[in-house]
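In what follows, a single structure is set out as structure tokens and then discussed.
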Amino acid sequence: MTLPERQLANAIRALAMDAVQAANSGHPGMPMGMADVATVLYSDYLKFDPVDPKWADRDRFVLSAGHGSMLAYATLHLAGYARPTIGDIRNFRQLHSPCAGHPENFELEGVETTTGPLGQGLATSVGMAIAERHLNAIYGDDLVDHRTWVIAGDGCLMEGINHEAIGLAGHLGLGRLTVLWDDNKITIDGSTDLSTSEDIPARYAATGWHVESCDGHDPADIRRAIDAALADPRPSLIACRTIIGFGAPNKQGTSATHGAPLGADEIAAARMELGWTAEPFVIPADIASAWAAFGEKGKKLHAEWNDRLANSDKKTEFSDRIAGQIVPGDAFKTYLDGLVAEPPKVATRKASENTLGALTADIAALVGGSADLTGSNNTKTSSTKPLTKDDYSGRYIYYGIREFGMAAAMNGMALHGGVVPYGGTFLVFADYCRAAIRLSALQQQRVVYVMTHDSIGLGEDGPTHQPIEHLQSLRAMPNLLVLRPADAVETAECWALALAQESRPSLLALTRQNLPPLRHDVTENLCLKGGYRLRDASAARKVVLVATGSEVSLAIEVADKLEAAGHGVDVVSMVSTELFDEQTAAYQADILPDDALIVSIEAGTTFGWERYTGRHGLRFGIDSFGASAPIEDLFKHFGLTADAITPQILAKLGN
Ligand SMILES: Cc1ncc(C[n+]2csc(CCOP(=O)(O)OP(=O)(O)O)c2C)c(N)n1
Ligand SMILES: [Mg+2]
């Protein structure tokens, strides 16, 4: 490497070691090891405009090895983004610094996705690459023509999700996705020899990827490998052979540099070794201006793109798509009116399909899919033809049996913009997606999870397939909307609510079994308040039954019996506890009054329902695993019938 180019990379190294030292916490090894690769990427390949980090046709850069966050912060700063400032970097890992412990998309505009949970950044980038090809197929090269770049470490490639992600990317032939693997043969515990003997290039090649390798400290060799990647139509993995902590003379090449400050002595020695004489957090003017020049090419490309957009007859449509403006249209309204005219007795998964039929007809941004349960999740509509390697304009993705990969890819699509993803699997397998659902929520992304077979109501598949703790455990996740509709009208309302959430994901819990229609009016979206009185007590109110989904019709049966015995009973459909919790105290007190016996009914764990019933209320649910049997036998076995519940409430009332 010529001295100047090495020095450009050393700016990343210096910022990384100094910031980690100042914070007394962080990971200097990875940024120091990958500094040369990152410098080549920013100087010659990455298309970006630091003045407009959200320019729609920018390349996406994902630091999947999120612990190396200082590489992201240093490159954004050096490349001229308004944030992070050098002051932000000085505050690395401190409260309210946008230079947090790991890169967070909600802290810095230049961070495309939140990373840290290893493997997910790369899996998210697959969704970004899908969204790019999809929008390219619709809007053409003039408006959409960018790449997705990933820096990933040994950990990202070792995680199980890597298999799902690269399988999907290879199958879909996402040639604009390039993964730069920090092949440093070190993880926290030491050498990768401790834990793996895998031939990673062979695995990628077998999955349909193009594989290159290079000396990650030789810019010419890095360029050769990247050029080869760009020339190949397949997604590419470039194994960049690097030395972790490069430049720290006594610690480089060891796991000691992975996640701890180098210490004052080693930093002084590294300064000598690298020929870096500037004080901490000072970037020499010639190096700063060389880095600032990297963005000039992108600024020019952006200006040309602006001209093309201004002259495009799709200007407004494209801009609205990217802005995420979606509204249910006439087809949805017609569908709702039809539900009132002819109330259907259907499973809510079927009601969801019918709703989606209307929504996908109106909203082009909706891109659906399922993890090999299309016919069970009812996620495909006539408007959504398959998205394939040969036709990226399709709007339905056959994700295969890759729940986690699907969820992470959906995050990538949502983050990319222009696409609103929804995808299905069985609710019980929300656990397989869970780490990605968590990142949907943390990243404030509009992703819709269509989770069917939401209770023992699925019947004979038995306890492996019957969710018990899932609804409550998902409700425990911050910023996730869990919606469990009780009939076709509520299902349609829940879809409208899910699409209206611009900064949080939603999860629809839907039944396999048919449910009777309960709602006969659609003038107002009653699900908006999360919980609402579906039926008023006819006698003086003594009891409020709070139920969700398939148990709302059961609650109505129970209410009938109690009313027949002379007790006034309200029935509340608690579609979403999150939305209910957001209502005013007065509204909540009106729905769940202190002077009534509050009873919850949900065919899942009773854990947590005491927050609505109070300690003295009653909770009906299932606190064990389910069982395999026909549905009627199961509800009877678990005591979830009007005959089993009613006497217990009467006993509590003192009758
Ligand atoms: C899912 C997950 N598991 C564990 C961790 C904790 N962790 C952070 S970095 C790391 C080692 C990663 O090794 P590698 O990717 O080779 O990074 P390097 O040491 O080379 O920087 C681990 C286990 C994590 N961040 N995410
Ligand atoms: Mg490593």
Side-chain angles (χ1 to χ4, degrees), residues 348 427 430-431 434 437-438 440-442 444 447-451 454-455 457 467-487 489-491 493-498 500-501 503-511 518-519 525-535 543-555 570-594 596-623 640:
T348 48
L427 179 60
D431 285 347
R434 192 173 178 104
I437 299 176
R438 190 168 194 274
S440 313
L442 178 62
Q444 303 164 15
V447 173
V448 186
Y449 294 93
V450 181
M451 301 279 181
D454 68 351
S455 76
I468 295 292
E469 73 282 21
H470 299 75
L471 284 166
Q472 287 294 46
S473 80
L474 288 159
R475 288 177 183 133
M477 193 182 285
N479 204 39
L480 169 68
L481 212 53
V482 177
L483 300 155
R484 190 166 189 245
D487 74 350
V489 169
E490 281 198 1
T491 304
E493 291 180 342
C494 286
W495 262 110
L497 288 173
Q501 307 301 315
S503 53
R504 62 179 157 186
S506 300
L507 183 145
L508 294 158
L510 305 169
T511 65
L518 301 175
R519 279 275 304 285
N525 186 333
L526 296 179
C527 293
L528 185 67
K529 292 201 162 144
Y532 68 96
R533 202 171 287 127
L534 178 69
R535 201 166 105 168
V543 179
V544 176
L545 299 175
V546 184
T548 76
S550 46
E551 285 69 69
V552 178
S553 46
L554 169 59
D570 282 357
V571 175
V572 170
S573 177
M574 187 62 81
V575 182
S576 162
T577 57
E578 297 86 3
L579 290 176
F580 182 73
D581 291 349
E582 287 168 14
Q583 304 310 312
T584 62
Y587 179 81
Q588 293 174 10
D590 177 52
I591 298 296
L592 302 178
D594 286 337
L597 171 67
I598 314 278
V599 178
S600 67
I601 312 179
E602 183 172 74
T605 180
T606 61
F607 178 91
W609 275 106
E610 56 281 357
R611 59 192 294 209
Y612 299 115
T613 65
R615 276 197 302 130
H616 303 294
L618 289 176
R619 291 163 290 281
F620 294 95
I622 306 169
D623 291 315
L640 293 174

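Bear in mind that the values here come from a model prediction, so they are computed numbers and not experimental data.
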Between N479 and A441, the two heavy atoms sitting closest are ND2-O, 2.9 Å
Could you go through N525 and L497, starting from their C-alpha distance and side-chain angles, then the distance that decides it, and tell me whether this counts as side-chain contact (heavy atoms from CB on, under 4.5 Å)? CA-CA 9 Å; N525 186 333; L497 288 173; 3.8 Å; yes
Closest non-hydrogen atoms of E578 and V482, given as atom of the first, atom of the second and distance, are OE1-N, 3.2 Å
Taken in chain and number order and not counting sequence neighbours, the residues that satisfy salt bridge (charged side-chain N to carboxylate O under 4.0 Å, His left out) with D431 are none
Check: S473/R434 side-chain N/O donor and acceptor closer than 3.5 Å
yes
Distance col, row E582:CD vs Q588:CD, nearest 0.5 angstrom, shows 10.0 Å
Value for CG (L483) from CE (M451), rounded to nearest 0.5 Å, stands at 12.5 Å
Only residue of S576, S506, C527 satisfying side chain to side chain contact (heavy atoms under 4.5 Å, CB included) with C494 is C527
message = With a 4.5 Å cut-off on side-chain heavy atoms, are L508 and V448 touching?
response = yes
task: Report the C-alpha separation of V544 and V571 in whole Å, then their side-chain angles, then the decisive distance to 0.1 Å, and conclude whether the side-chain contact (heavy atoms from CB on, under 4.5 Å) test is met.
output: CA-CA 6 Å; V544 176; V571 175; over 6 Å; no
ask   = Are any of the side-chain nitrogens in D487 or R519 under 4.0 Å away from the carboxylate oxygens of its partner?
value = no
Looking only at heavy atoms, the pair that brings L592 and M574 closest together is CD1-CE, 4.5 Å
Closest non-hydrogen atoms of W495 and V450, given as atom of the first, atom of the second and distance, are CZ2-CG2, 3.7 Å
- [ ] Determine, stepwise, if the pair I591 / V546 fulfils side-chain contact (heavy atoms from CB on, under 4.5 Å).
- [x] CA-CA 10 Å; I591 298 296; V546 184; over 6 Å; no
So for atom CZ, which belongs to R438, do other residues, nucleotides or ligands contribute more than 12 heavy atoms lying within a distance under 6.0 Å?
no
Margin query: Could you check whether any side-chain N or O of H616 sits under 3.5 Å from a backbone N or O of G614, counting only pairs where one atom can act as donor and the other as acceptor?
Written below: no
Contacts of R475 meeting salt bridge (charged side-chain N to carboxylate O under 4.0 Å, His left out) (sequence neighbours excluded), chain-then-number -> E602
Could you check whether any side-chain heavy atom of I622 comes within less than 4.5 Å of a side-chain heavy atom of T605, counting everything from C-beta outward? no
- Just checking, is any N or O donor in the side chain of S600 or R619 under 3.5 Å from an acceptor N or O on the other one? no
Checklist entry - Is the shortest distance from a Lys or Arg side-chain nitrogen in D454 or R484 to a carboxylate oxygen in the other one below 4.0 Å? => result yes
| field | Donor-acceptor contact present, side-chain D623 to main-chain T606, <3.5 Å | value | yes
- Would you mind reporting whether Q501 and L481 have side-chain heavy atoms less than 4.5 Å apart? yes
- request: Look only at the side chain of E551 and the backbone of I601, and say whether a donor-acceptor pair between them is shorter than 3.5 Å.
  value: no
With a 4.5 Å heavy-atom cut-off, do F580 and Y587 have their side chains touching? yes
- Show the numbers, then the answer: is there a side-chain contact (heavy atoms from CB on, under 4.5 Å) between L510 and T491? CA-CA 8 Å; L510 305 169; T491 304; 4.3 Å; yes
Check your understanding: Can you tell me if Y532 and Q583 form a side-chain donor-acceptor pair at under 3.5 Å?
Key -> no
Q.
Are L518 and V552 packed together at the side-chain level, in the sense that at least one heavy-atom pair is separated by less than 4.5 angstrom?
A. yes
Distance col, row L427:CG vs L471:CG, nearest 0.5 angstrom, shows 5.5 Å
Sorted by chain and residue number, the side-chain hydrogen bond (donor to acceptor under 3.5 Å, both in side chains) partners of T577 (sequence neighbours excluded) come out as none
Between L597 and G617 the two heavy atoms that sit nearest each other are CD1-CA, 3.9 Å
*asked:* Test your reading of the model: is there a side-chain donor-acceptor pair from E493 to the backbone of L528, 3.5 Å cut-off?
replied: no
- Query: Just by distance, do the side chain of T511 and the backbone of T348 share a donor-acceptor pair under 3.5 Å?
  - Reply: yes
Scanning both residues in full, the closest heavy-atom pair of I598 with T613 reads O-CB, 3.6 Å
Taking C-beta and beyond as the side chain, do L480 and L507 meet within less than 4.5 Å on heavy atoms? yes
